[in-house]
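Everything numeric in this text was worked out from a predicted model, so none of it was measured. Letters A, B, ... are given to chains in the order of the sequence lines, protein chains preceding strands, and every chain is numbered from 1.
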2 protein chains.
Amino acid sequence: MPRTSDKRERLVDAAVNLFHQRGYGQTSLSDIAEHSGVPLGNVYYYFKTKDDLANAVIDERIHHQQTMFQHCEQANNPQASLFKFLDTLVEYSGDISRYGCPIASLCQELNKDESELANKADILLGQAIKWTTQQFKLMGKSEPSKLSQHLMSTMHGASLLANTFSKPRIIKEEAARMKEWINNL
Amino acid sequence: MPRTSDKRERLVDAAVNLFHQRGYGQTSLSDIAEHSGVPLGNVYYYFKTKDDLANAVIDERIHHQQTMFQHCEQANNPQASLFKFLDTLVEYSGDISRYGCPIASLCQELNKDESELANKADILLGQAIKWTTQQFKLMGKSEPSKLSQHLMSTMHGASLLANTFSKPRIIKEEAARMKEWINNL
DNA sequence: GTCTATATGTTGATAGAC
DNA sequence: GTCTATCAACATATAGAC
């Protein structure tokens with residue numbers, strides 16, 4: 001009996017991907033069990049409910065996003081950090097146009113329920129708003145939260161359009177537009 | 001036996017609302033039957049499958065949106081028409097912040113399936129892109145489709161943020177920003 | 001800790017009386 | 001055209017042997 005098993009990790013990994021590709025409601029626990037190579041009955045040893053697993057999925061996304069922002073902060077200045085963030089979105093534009101933005105998917109779907117899971121998903125988007133606000137603030141701009149709101153609105157809408165029409169190009173173009181907008185602030 | 005029954009209409013009405021509030025996947029046919037006062041077994045006389053009903057729902061949304069755009073066109077000029085469109089979004093900002101944009105909800109959720117229903121939902125968003133593009137074109141702007149893309153991106157992203165944080169204000173603010181952007185084109 | 005078998009409920013969809 | 005009764009499949013979740 002191994003003291004540590006990688007089953008929990010494999011379950012979360014599979015759930016992260018399947019929730020993104022099919023949505024939370026349309027992904028069954030047997031789907032997740034199958035994709036992670038864990039028998040269905042054993043899932044409940046690691047997660048008492050499906051919501052519990054979703055919670056772990058969101059935690060993983062929060063951690064992943066935090067790492068991404070830390071990577072962006074390696075740039076020379078806050079404006080370059082914002083540009084690096086936009087470059088990252090463009091980098092993922094293929095996945096986003098195929099399956100939609102994983103964060104938006106969770107926020108949109110879970111906010112239809114009245115579950116506590118919705119609030120948890122909202123933290124994800126809140127984290128991104130907070131980070132971009134901070135970059136505008138460091139740039140010395142006034143009303144940084146309004147600027148962040150506009151940036152995130154535009155890029156999230158671009159993700160929706162890119163997904164709907166299967167055109168990653170839309171994310172590229174709107175990211176370029178946002179860079180120019182930031183330059184002219 | 002009435003030659004015409006309003007049951008079909010009541011079913012579509014209930015489905016339009018429930019799909020918006022709970023999503024397509026999380027709305028059961030018995031929910032719809034209950035809310036429209038039609039026995040479950042009778043639903044299948046009007047719609048052979050759930051997808052059939054969804055098709056009728058999207059048709060209804062297409063028609064509703066077309067009427068809305070025709071209303072916007074009563075303005076004096078294409079720029080005023082665009083402003084009227086933005087005013088309409090602000091008017092619905094309460095509903096949108098509660099349940100999300102009904103069009104985005106459908107596009108996002110149905111594009112997770114590989115169903116033909118996804119293409120049908122995409123027509124909805126395409127209709128809006130097409131109309132706004134036409135307004136920019138009538139204004140004599142170059143690259144009108146790019147302008148439409150940016151306008152729709154921003155407002156759809158604003159809807160997501162407004163829904164996530166339950167802040168209709170976000171739709172108001174981004175609509176105002178877009179008006180100013182259009183003024184300075 | 002792991003897995004098989006199964007309980008329990010809900011879904012989309014059908015059969016058939018009226 | 002309308003409605004009751006019900007099926008078959010699938011969902012989440014549990015029991016209990018190993």
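- Remark: B/Glu114 CD is loosely packed, at most 12 non-hydrogen atoms of other residues, nucleotides or ligands lying under 6.0 Å away.
- Both A/Ser30 and A/Asn42 sit near DNA chain D, but only A/Ser30 has its closest nucleotide nearer the 5' end.
- Nearer the 5' end of DNA chain D, as judged by each residue's closest nucleotide, is the contact made by A/Ser28, out of A/Ser28 and A/Gly41.
- Put simply, A/Ile58 and A/Leu29 are part of the same group of oily side chains (I, L, V, M, F, W, Y) that touch within less than 4.5 Å, one to the next.
- Atom P of nucleotide D/dT2 and atom OH of B/Tyr46 are separated by 4 Å, given to the nearest angstrom.
- Straight-line distance from the CG atom of B/Leu29 to the C1' atom of D/dT4: 17 Å, rounded to whole Å.
- Summarising the geometry, the separation between CD on B/Glu34 and P on D/dT4 is reported as 14 Å, rounded to the nearest angstrom.
- Dashed line: the shortest gap from a side-chain N or O of A/Tyr44 to OP1 or OP2 of D/dA15 is not under 4.0 Å.
- In this entry the distance linking CG of B/Leu11 with P of D/dG1 reads 14 Å, nearest Å.
- In this model, a donor atom of one side chain and an acceptor atom of the other lie less than 3.5 Å apart for B/Thr154 and A/Thr154.
- If you take NZ of A/Lys48 and P of D/dT14, they are 9 Å apart, rounded to a whole angstrom.
- Each of A/Gln70, A/Gln66, A/Glu73 was compared with A/Trp131 under the side-chain hydrogen bond (donor to acceptor under 3.5 Å, both in side chains) criterion, and only A/Glu73 meets it.
- Proximity of B/Tyr45 to the phosphate of D/dT2: no side-chain N or O atom is located under 4.0 Å from OP1 or OP2.
- No engagement by A/Phe47 is indicated, since no non-hydrogen atom pair under 4.0 Å with the nucleic acid exists.
- Both B/Met68 and B/Leu151 belong to a common hydrophobic cluster when Ile, Leu, Val, Met, Phe, Trp and Tyr are linked at side-chain heavy-atom distances under 4.5 angstrom.
- Side-chain proximity of B/Pro39 to D/dA13, D/dT4, C/dA13: nearest is D/dT4.
- Distance CG (A/Asp6) to C1' (C/dT2): 14 Å, rounded to an integer number of Å.
- A heavy atom closer than 4.0 Å to some atom of DNA chain C occurs in no member of residues 12-26 of chain B.
- When the side-chain nitrogen and oxygen atoms of A/Lys50 are compared with OP1 and OP2 of D/dA13, none of them lie within a distance under 4.0 Å.
- A/Lys146 pairs by the salt bridge (Lys or Arg N to Asp or Glu O under 4.0 Å) definition with B/Glu173, not counting sequence neighbours.
- Neither OP1 nor OP2 of C/dG1 sits under 4.0 Å from any side-chain N or O of A/Lys7.
- Counting to the nearest Å, the C1' atom of C/dG1 and the CZ atom of A/Arg10 are 14 Å from each other.
- In this entry the distance linking CD1 of B/Ile32 with C1' of C/dA13 reads 14 Å, nearest Å.
- Checking A/Tyr24 against A/Asp51 by side-chain atom types alone, a donor-acceptor pair falls below 3.5 Å.
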